[in-house]
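Below is one structure, written out as structure tokens; comments come after it.
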Amino acid sequence: MFNTKNLSPNKLSLLTALFLSIPVSIAFYVVTKNIYAGIVALVVDLIGTYLLIRFVLESFIYRKIKLIYKFIYQTKASKREEMYYKYILPKKSIDEVRQDVELWAEERKEEIELLRNNETYRKEFLQNLSHEFKTPIFTIQGYVDTLLDGALENPAVNRKFLENASKNVERMVNLVSDLDEITRLESGEQPLYKENFLIQDLIKDVFETLSIKASARNMKYSIKKGCEQPVYVFADKEKISRVLINLVENATKYGRTDGSIIASVYKTDEHHVLIEISDDGIGIAEEHLLRVFERFYRTDRGRSRNVGGTGLGLSICKHIIEAHGQTIHARSTVDVGTSIGFTLDSKKD
Ligand SMILES: Nc1ncnc2c1ncn2[C@@H]1O[C@H](COP(=O)(O)OP(=O)(O)O)[C@@H](O)[C@H]1O
Ligand SMILES: [Mg+2]
């Protein structure tokens with residue numbers, strides 16, 4: 001079918017010219033009874049009206065549209081712009097121009113939305129940050145003031161108060177180092193140094209590093225039966241070590257006393273490996289499950305603070321795994337246990 005919606009200015013001029021010149025030339029033929037006169041009238045009329053209409057369209061409508069384009073595509077290279085205005089724009093129908101403008105408006109809307117979200121994000125982050133720092137700072141201040149006010153001379157409490165103050169200093173140090181890490185990860189200035197390595201060896205190293213924490217709660221670390229067969233992955237070993245430390249540390253903190261923490265390794269397909277750290281602890285309720293990867297998100301603030309958490313661990317893990325182009329996810333049942341798993345590329349030759 002003939003589509004009148006997508007007519008370019010040239011076609012539109014031609015069509016209108018035809019509509020005008022056909023009746024005129026027929027009338028001319030009827031009056032003069034001369035077929036040649038009719039044809040000449042048709043040709044002259046057609047060319048004349050076509051040129052006239054095109055001129056009108058060009059100078060009164062398309063020139064204005066060009067201005068609009070110039071305005072909305074301010075950032076385009078000028079050479080390309082020139083080409084665009086000269087050759088492409090005149091071939092576009094008004095409808096296509098409308099689509100272009102709509103697309104532009106949509107893009108701007110998304111941009112504004114993004115900026116607005118960033119702004120909320122930034123505000124929330126600052127709020128969280130000051131909140132996180134406030135508690136240890138005020139606690140330290142409390143202990144120091146009490147010590148200065150006389151407790152220093154009281155051997156029954158002085159050491160205890162200093163130890164408590166020191167614990168809070170440590171919390172702030174952890175917070176700062178986690179923050180430092182997360183900002184570096186977010187700025188993307190940390191390159192990945194990928195290499196092939198045996199994932200089970202790294203898991204064992206991490207178990208070794210955290211063994212004191214495990215024995216303090218009488219927990220057992222192990223690699224799942226059937227997952228011992230050596231599997232090589234291709235990733236940044238140091239960063240993956242950081243991820244594993246965070247996950248095993250969480251499992252140790254939120255796992256059951258006397259419980260067991262099990263690491264499993266599966267080859268999901270030819271190119272991917274899935275690593276999971278599971279515990280049999282308190283678990284995470286469904287409504288928190290997706291949010292635990294957010295910065296500072298904790299299912300139970302009091303508890304997490306007591307066990308020395310900054311609330312940044314899982315969000316650091318997520319950053320690292322996503323930088324590898326992989327995914328991390330959590331499965332959990334309250335009072336049964338939690339499994340946090342992530343994928344990695346398998347060995348590259
Ligand atoms: N293995 C787990 N079992 C139960 N809850 C967990 C587990 N791992 C993480 N969580 C929950 O997710 C929250 C976020 O974890 P994370 O970012 O590592 O912060 P942190 O360990 O500093 O509290 C924790 O505060 C806790 O509520
Ligand atoms: Mg943690």
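Start at 1 with the first residue, then count along the sequence. Keep in mind that the numbers below use all heavy atoms, side chains included, and drop hydrogens, waters and symmetry copies. Atoms within a ligand are numbered from 1 in the order they appear, just like the ligands themselves.
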> Does the shortest distance from the Mg ion (ligand 2) to an N/O/S atom of N246 fall below 2.8 Å?
Replying inline: no
For Y297, the ligand 1 atoms with a heavy-atom partner under 4.0 Å come out as 13 (C), 14 (C)
Working note: K224 + E276, criterion salt bridge (Lys or Arg N to Asp or Glu O under 4.0 Å); need CA distance, chi angles, decisive distance, verdict.
CA-CA 10 Å; K224 192 174 177 153; E276 269 192 334; over 6 Å; no
**Asked** Got a salt bridge between E208 and K204, using NZ or NE/NH1/NH2 to carboxylate O under 4.0 Å?
**Response** no
Could a heavy atom of G281 be found less than 4.0 Å from some atom of ligand 1?
no
Out of V334, L247, N250, the nearest non-hydrogen contact to atom 9 (C) of ligand 1 is supplied by N250
Counting from 1 in the order shown, the ligand 1 atoms closer than 4.0 Å to a non-hydrogen atom of D279 are 1 (N), 2 (C), 3 (N)
Are L244 and F342 close enough that some pair of their side-chain heavy atoms sits under 4.5 Å apart? yes
Short version for F293: what comes under 4.0 Å of ligand 1, heavy atoms counted, is neither
**Asked** So, is G313 polar-close to ligand 1, with some N/O to N/O distance under 3.5 Å?
**Response** yes
When you measure from the side chain of S332 to the backbone of G337, do you find a donor-acceptor pair of N or O atoms at a distance under 3.5 Å?
yes
Quick look: T338 vs ligand 1, heavy-atom contacts under 4.0 Å, and the answer is side chain
TODO: Would you please classify the geometry between the F60 ring and the F55 ring as parallel, tilted or perpendicular, with 30° and 60° separating the classes?
DONE: perpendicular
Under 4.0 Å from one or more heavy atoms of K253, ligand 1 contributes atoms 20 (P), 21 (O), 22 (O)
_S260 (side chain) donor-acceptor with K220 (main chain) under 3.5 angstrom_ = no
With heavy atoms and a 4.0 Å threshold, my read on which part of E249 contacts ligand 1 is neither
Within-cut-off N or O pair, V292 and ligand 1, under 3.5 Å: no
Ligand 1 atoms nearer than 4.0 angstrom to some heavy atom of T310 are 22 (O)
Worksheet entry | I340 N/O to ligand 1 N/O under 3.5 Å | no
Side chain to side chain contact (heavy atoms under 4.5 Å, CB included) between H319 and I316, worked out
CA-CA 5 Å; H319 267 295; I316 290 174; 5.7 Å; no
So, does D279 use its side chain to make a donor-acceptor pair with the main chain of I261 at under 3.5 Å? no
The answer for which part of T299 has a heavy atom under 4.0 Å from ligand 1 is both
- Query: Honestly curious: do V144 and M172 fall in one hydrophobic cluster under the side-chain, below-4.5 Å linking rule?
  - Reply: yes
